[in-house]
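Presented below is the structure to which this report refers.
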Amino acid sequence: TLGVIPAALGITANSTSKTYGTTVSFTGSEFSSIGLKNSETVGSVNLASAGAAAAAGVAGSPYVITASAATGGTFNAGNYTISYVNGTLGVIPAALGITANSTSKTYGSTVSFTGSEFSSIGLKNNETVGSVSLVSTGAAAAAGVAGSPYAITASAATGGTFNAGNYTISYVPGTLGVIPAPLGIAANSTSKTFGSTVSFTGSEFSSIGLKN
């Protein structure tokens, strides 16, 4: 008698990566094999990973890609002892841009930011940003027209449903313009006796609208 022992066949899931918020769909061809005989081929392999879903976060990366159930091609699974080797699926942070909204104020007024004066681009999975830290030297009442426009810097995005760890965040400043405040100056009315001279000192006026 001549016994035939199954040959060893190793099938390894290919490692790969994706950007957070995207979905990986395996076609079954993302594998390599070693040990096939007689120029045989494997048609496809079942591949699965918890990291394939769009919501899979950076924190859990890399995720295991498991391979199983090799089939198809020209090989006969009964002629092999098959060992499956896992691959890995890394998750790369997605790019998120946060821009401070530009605005203006009248000289002498104070701007108080609520943290909602921003726009964002790049959020995934319908996620939201709750608030952003916004500051500007132009927000103070004493900030003058000469220094306008002032930068509004954004930082420290937080809250909402997003996880900052899943994103590479770039902040874009806005601008805060200062508009001149209206100032009214009225010369004081007076009278004199005919033949006398009036010498103005420059203080004979009233004003309305001065700030600070």
Side-chain angles (χ1 to χ4, degrees), residues 12-32 47-67 86-181 211-212:
T12 303
N14 294 345
S15 294
T16 187
S17 63
K18 70 162 195 173
T19 301
Y20 173 71
T22 61
T23 301
V24 174
S25 298
F26 296 108
T27 64
S29 63
E30 300 89 348
F31 68 93
S32 61
L47 298 163
S49 176
V58 173
S61 172
Y63 296 84
V64 171
I65 303 174
T66 58
N86 296 332
T88 59
L89 174 55
V91 180
I92 302 167
L96 172 60
I98 294 180
T99 302
N101 294 346
S102 294
T103 187
S104 62
K105 70 162 195 174
T106 302
Y107 172 71
S109 61
T110 301
V111 175
S112 298
F113 296 108
T114 65
S116 63
E117 300 88 346
F118 69 92
S119 62
S120 64
I121 186 169
L123 285 167
K124 307 297 182 181
N125 304 317
N126 296 315
E127 295 172 350
T128 59
V129 175
S131 65
V132 172
S133 176
L134 299 163
V135 295
S136 176
T137 56
V145 173
S148 174
Y150 297 85
I152 303 173
T153 57
S155 63
T158 187
T161 59
F162 93 123
N163 182 332
N166 290 327
Y167 296 91
T168 299
I169 306 175
S170 59
Y171 295 96
V172 180
T175 58
L176 173 55
V178 180
I179 302 168
K211 307 296 182 181
N212 306 315

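Count residues from 1 along the sequence. Bear in mind that the values here come from a model prediction, so they are computed numbers and not experimental data.
Remark: I169 CD1 to F162 CZ distance equals 4.5 Å, nearest 0.5 Å. From S155, atom OG reaches atom CG of L134 across 7.5 Å, with rounding to the nearest 0.5 Å. We find the OG-CD1 distance between S170 and I121 to be 10.0 Å, quoted to the nearest 0.5 Å. To the nearest 0.5 Å, the span separating CG on N166 from CD1 on I92 amounts to 12.5 Å. We find the OG1-CG distance between T137 and L176 to be 8.0 Å, quoted to the nearest 0.5 Å. In this structure, OH on Y20 lies 11.0 Å from CG on L96, to the nearest 0.5 angstrom.
Enclosure of atom CG in N126 is not indicated, since only 12 or fewer non-hydrogen atoms of other residues, nucleotides or ligands lie within 6.0 angstrom. The number of heavy-atom neighbours closer than 6.0 Å to CD1 of I179, taken from other residues, nucleotides and ligands shown, is above 12.
At distances below 3.5 Å, at least one donor-acceptor pair connects side-chain atoms of Y171 with backbone N or O atoms of A156. No side-chain donor-acceptor contact under 3.5 Å links N125 to the backbone of E127. With hydrogens and angles ignored, the 3.5 Å screen pairs a side-chain donor or acceptor of K18 with a backbone N or O of G51. Checking side-chain atoms of Y150 against main-chain N and O of V178 turns up no donor-acceptor pair under 3.5 Å. Formation of a donor-acceptor pair under 3.5 Å by the T161 side chain with backbone atoms of T128 is found in this model. Panel note: side chain S104, backbone G177; no donor-acceptor pair is recorded below 3.5 Å. No donor-acceptor pair under 3.5 Å is formed between the side chain of Y167 and the backbone N or O of G97.
In plain terms, the two heavy atoms of A154 and V132 that are nearest each other are CB-CG1, 3.7 Å. When all heavy atoms of Y107 and N212 are compared, the pair lying nearest together is OH-ND2, 3.0 Å. Nearest heavy atom pair, residue A181 against residue K211, reads CB-CE, 3.9 Å. When every heavy atom of L47 is checked against every heavy atom of A13, the shortest pair comes out as CD2-CB, 3.7 Å.
You'll find the side chain of I65 stays beyond 4.5 Å of the side chain of V24, heavy atoms only.
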Q.
Run the side chain to side chain contact (heavy atoms under 4.5 Å, CB included) test on T158 and S131 for me, step by step, so that the C-alpha distance in whole Å, both residues' side-chain angles and the decisive distance to 0.1 Å come before the verdict.
A. CA-CA 6 Å; T158 187; S131 65; 3.5 Å; yes

(Q) Checking I152 against S102 for the side chain to side chain contact (heavy atoms under 4.5 Å, CB included) test, could you report, in this order, the C-alpha distance in whole Å, the side-chain angles of both residues, the deciding distance, and whether it holds? (A) CA-CA 7 Å; I152 303 173; S102 294; 5.7 Å; no

Q) side chain to side chain contact (heavy atoms under 4.5 Å, CB included) between F113 and S136: does it pass, once the steps are laid out? A) CA-CA 9 Å; F113 296 108; S136 176; 4.2 Å; yes

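Every residue two or more places apart in sequence or in another chain that forms a side chain to side chain contact (heavy atoms under 4.5 Å, CB included) with S25 is listed here: T23. Not counting sequence neighbours, the partners of T66 by the side chain to side chain contact (heavy atoms under 4.5 Å, CB included) test are A48, V64, N86.
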